[in-house]
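Report on the structure given below.
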Amino acid sequence: MESLVATVRSLYQTTQTETQKPLNHQEILNTFNTNSTFQNETADNLLNNLIPSFPIPEFSLANIIILNNILNKVMTKARNLNEIEAVSNLNGINEQKLISELEKCLKESDPKQIDYSGDMFADLCHFYTNKLIQLNQAKKGLLTMHECVKKLQYDSYSDKYNTNQLTTVHSDLLKLSLSSKNFTIGQKIMSNEILDIKKTASSTFDSKFYLSYFYYCGCISSSLKNFEDSLFYFEQVLNVPANALSQIMIDSYKKFILISLIYKGKLLGLPKFTSRKVITQIKPMCSVYHDLASAFMDFELEKLNSLCHKYQEMFERDKNSGLIKQLQNAFYKLNIQKLTKTFITLSLTDIAAKTRLNSTSQAEELILNMIRDGEIFATINQKDCMVSFHDNPEKYDNPNLMNKLTGEMFECIDLENSMKKMENEIITHPHYIQKCQTNVGTGIDEIDQLLQ
Amino acid sequence: MNFDQISLAEKIDQLEQIELNEQEETNEEVYIKLMIFYILSDEAMKAKFLWKRIPLRLKQSNTDLSKLWPIVQNFVLRKYAVAFQLANQLTNFSNDELRNLFGHFTERMREKIFSLVQEAYSSIRIKDLANLLQLDEEKIIKISMQNEWEIDESRTFLQPKKVPSTEFLQINNRLQLENLTKIVSFIET
């Protein structure tokens, strides 16, 4: 083992004297992979003896490789465990020590060396997240994971941090936020628009992480009642180009149905570019939800309540019981909104009767809350027990609206500029130019010219 | 009003950072302030999740936090009468700063509900308003008169005065022109 330590340290040493030369990471990786003592050493021994010889942040890459090796040795290999169960029983190692070493490595590693490690650093992050959730200590990992995301967004070619790049660790961070019920960091991450995906020659990006990132974004937005945002995120999960259906898509679609009923009062359709295969396969899987939707939109309170009661267990398994309760409340709200379209004034008793509420005081309370949320414009007259409905008083003639409008226009302009940049990158890419040249004379080139 | 809102958001940010940095050793005071600020800035859901993640030892029945929670919970559920009733009963606090903050909090919430009633009702029973805000009827009448509401002959109904919203941001002409130039030049390219 001493020879291993010496070899690796010497590889590091050569770069320190010649600062122009980058770290020879391939050589370091090979040294570890070919050393049989290292491969056969027990995880415990590695943790106690080898890790301290490579302090972070100088020897981050070595540390990452060793930790990865340890994890592969201690995790149970059974195939039918979910990811949380897989980290629950670690054989032959001091769990506390492992977690603290892991935390140190994740917090203090050098971003340049992380870039060389390929998938290994991300795997460490995934393990750390799942372990914290299994131990019910999710809150501890929030700041650490936030640091990890930032480090993974580092690009060694341009020496910059790309905050709009999606990494596999994004979904871990949101998973920790949901588990610890602390959405402060989660919301910061969500506010960065995703324009790129981290995928280098040495690292992969499993689609599972893409889908789960947007699914968790949707869950967090809907917990905080930002229904507009949550609809957008669930839609993102569903319109990924796909040839096969993922369980994450099914869960997203179920929540999508419920939230579009609660927020918009009707079942929104999926965009045209959603994959045909996804659409045809997903609808039969969510037939109960579609039944709920039709009962809701047809104003059938008994049918809605009986469906909610009958399939209660299924909704609990899908973790949608909270949304179902909100759906039942939204039923009354939707019907009051429908009444505003037909009547100018209406008595409280009539409102209670038409919307199937139990009492006038309940109706009054509901209308007061709806006025507070800006969902209707009305005034209640207790003396005559009447409610007068008004039109939206917004005249679109004030500076507040002007500011809002210019703000949105600038967002569109920024989006256009980033689209142009992406288009330029593709057009000047050698692969694209090569393809264009091979297609000369096949008719594709002419069409391209016609379109310009 | 705007300045108040900005500094409220900053205070919330600071407290959230403290909570993340101190983790389990976070002071009870941080949680109390954070909860009050969430309700004041209309972020009821965040207050609800804050309560869910507060460690169990701080939720014991003798802490300030456990006495504050029923009030906050009723504000989240929009049961204003119950909330104000409990708030009237809560007078013991461990230090003066919290007592003042809580006093300011109940005052502010009463103002908010009062302006909601002003916006939503064209006539309301004095008894109902007194119940909603948990104040004496004489005090209600006094506050209504100060806000130029009208009272009917039988002295049972109040008629709120509609106040047109006069909150306009100042127009900075140079900034507007700058924005307009940017947009037009974008369209032209």
Side-chain angles (χ1 to χ4, degrees), chain A residues 137-143 146 177-185 187-188 220 222-226 361 364-374 376-388 393-394 398-407 409-410 412-414 416-417 420, chain B residues 12-13 15-17 19-21 23-24 26 42-46 48-55 78-80 112-113 116-117 119-129 132 152 154 156-160 162 164-165 167-172 175-176 178-180 182-183 185-187 189:
Chain A
Q137 292 175 2
K139 201 161 153 178
K140 254 176 48 173
L142 286 171
L143 285 173
H146 192 48
S177 296
L178 279 166
S179 175
S180 63
K181 300 190 179 56
N182 188 331
F183 303 130
T184 323
I185 291 191
Q187 282 192 297
K188 269 197 211 134
I220 291 179
S222 55
S223 307
L224 295 173
K225 303 228 164 127
N226 295 333
S361 57
E364 193 181 323
E365 205 181 305
L366 185 58
I367 293 181
L368 182 65
N369 284 330
M370 283 173 78
I371 295 174
R372 181 186 172 165
D373 292 332
I376 54 169
F377 304 100
T379 31
I380 308 173
N381 187 332
Q382 267 197 349
K383 197 166 177 185
D384 307 325
C385 282
M386 298 288 283
V387 178
S388 328
E394 177 69 67
N398 57 57
N400 291 344
L401 191 78
M402 182 75 210
N403 281 337
K404 194 166 171 221
L405 209 56
T406 38
M409 280 198 263
F410 280 127
C412 290
I413 292 177
D414 285 337
E416 164 86 22
N417 286 336
K420 276 204 182 125
Chain B
I12 291 179
D13 259 336
L15 289 169
E16 283 175 345
Q17 273 307 113
E19 190 200 348
L20 277 171
N21 287 329
Q23 297 274 322
E24 296 297 321
T26 315
D42 265 340
E43 290 178 300
M45 286 297 115
K46 288 194 180 172
K48 176 177 123 184
F49 285 114
L50 180 64
W51 176 254
K52 285 192 176 179
R53 66 181 191 255
I54 288 177
R78 301 200 173 165
K79 294 194 163 75
Y80 305 120
K112 277 193 179 186
I113 304 302
L116 174 63
V117 166
E119 191 191 327
Y121 283 88
S122 60
S123 86
I124 183 170
R125 242 174 247 116
I126 298 182
K127 216 170 31 167
D128 279 352
L129 188 55
L132 192 65
D152 75 331
S154 57
T156 40
F157 287 102
L158 285 168
Q159 276 145 4
K162 291 287 172 220
S165 160
E167 263 183 65
F168 284 152
L169 289 174
Q170 290 301 326
I171 307 177
N172 181 343
L175 196 61
Q176 288 287 70
E178 208 177 293
N179 286 341
L180 217 53
K182 279 187 197 159
I183 293 172
S185 60
F186 172 77
I187 297 175
T189 52

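Convention: sequence-line order gives letters A, B, ...; per-chain numbering from 1.
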Pick one of side chain, backbone, both or neither for A:Met402, based on which atoms fall under 4.5 Å of a heavy atom in chain B. side chain
What part of A:Gln187 gets within 4.5 angstrom of chain B, counting heavy atoms only: side chain, backbone, both, or neither? side chain
Structural part of B:Asp13 lying under 4.5 Å from a heavy atom of chain A: neither
Counting distance only, does the side-chain N/O of B:Ser123 pair as donor-acceptor with the main-chain N or O of A:Lys383 below 3.5 Å? yes
Hey, mind stepping through A:Arg372 and B:Asp42 against salt bridge (charged side-chain N to carboxylate O under 4.0 Å, His left out) and telling me if it holds? CA-CA 11 Å; A:Arg372 181 186 172 165; B:Asp42 265 340; 3.0 Å; yes
I'd like to verify something: which residue of B:Ile124, B:Thr156, B:Leu50, B:Asp152 has the highest number of heavy-atom pairs under 4.5 Å with chain A? B:Ile124
Could you tell me the separation between the OG1 atom of A:Thr379 and the OH atom of B:Tyr121, rounded to the nearest 0.5 Å? 11.0 Å
Can you name the residues that form a side chain to side chain contact (heavy atoms under 4.5 Å, CB included) with B:Ala44, not counting sequence neighbours? B:Val76
Identify which of B:Glu24, B:Glu19, B:Glu43 forms the greatest number of heavy-atom pairs closer than 4.5 Å to chain A. B:Glu19
So, taking the atom named CD1 in B:Ile187 and the one named CD1 in A:Ile413, what distance separates them when rounded to the nearest 0.5 Å? 7.5 Å
What's the separation between atom NZ in B:Lys79 and atom CD in A:Glu365, rounded to the nearest 0.5 Å? 7.0 Å
Can you see which heavy atom on B:Arg53 is nearest to which on A:Lys139, and at what distance? O-NZ, 4.2 Å
Under the side chain to side chain contact (heavy atoms under 4.5 Å, CB included) test, residues paired with B:Asn179 that sit two or more places apart: A:Thr406, A:Phe410, B:Leu175, B:Gln176
Donor-acceptor contact below 3.5 Å, side chain A:Gln382 vs main chain B:Phe157: no
Can you tell me how far the OG1 atom of A:Thr184 sits from the NZ atom of B:Lys46, to the nearest 0.5 Å? 7.0 Å
Part of B:Glu119 lying under 4.5 Å from any heavy atom of chain A: both
Just verifying a value: how many Å separate A:Lys225 NZ and B:Met45 CE, rounded to the nearest 0.5 Å? 3.5 Å
Closest non-hydrogen atoms of B:Ala120 and A:Ile371, given as atom of the first, atom of the second and distance, are CB-CD1, 3.6 Å
Supply the atom-to-atom distance B:Ile183 CD1 to A:Leu405 CG, rounded to the nearest 0.5 angstrom. 8.0 Å
Contacting region of A:Ser223 [heavy-atom separation from chain B under 4.5 Å]: both
Toward chain A, the part of B:Phe186 with a non-hydrogen atom under 4.5 Å: side chain
Minimum heavy-atom separation for B:Leu20 and A:Leu143, please, with both atom names. O-CD1, 3.6 Å
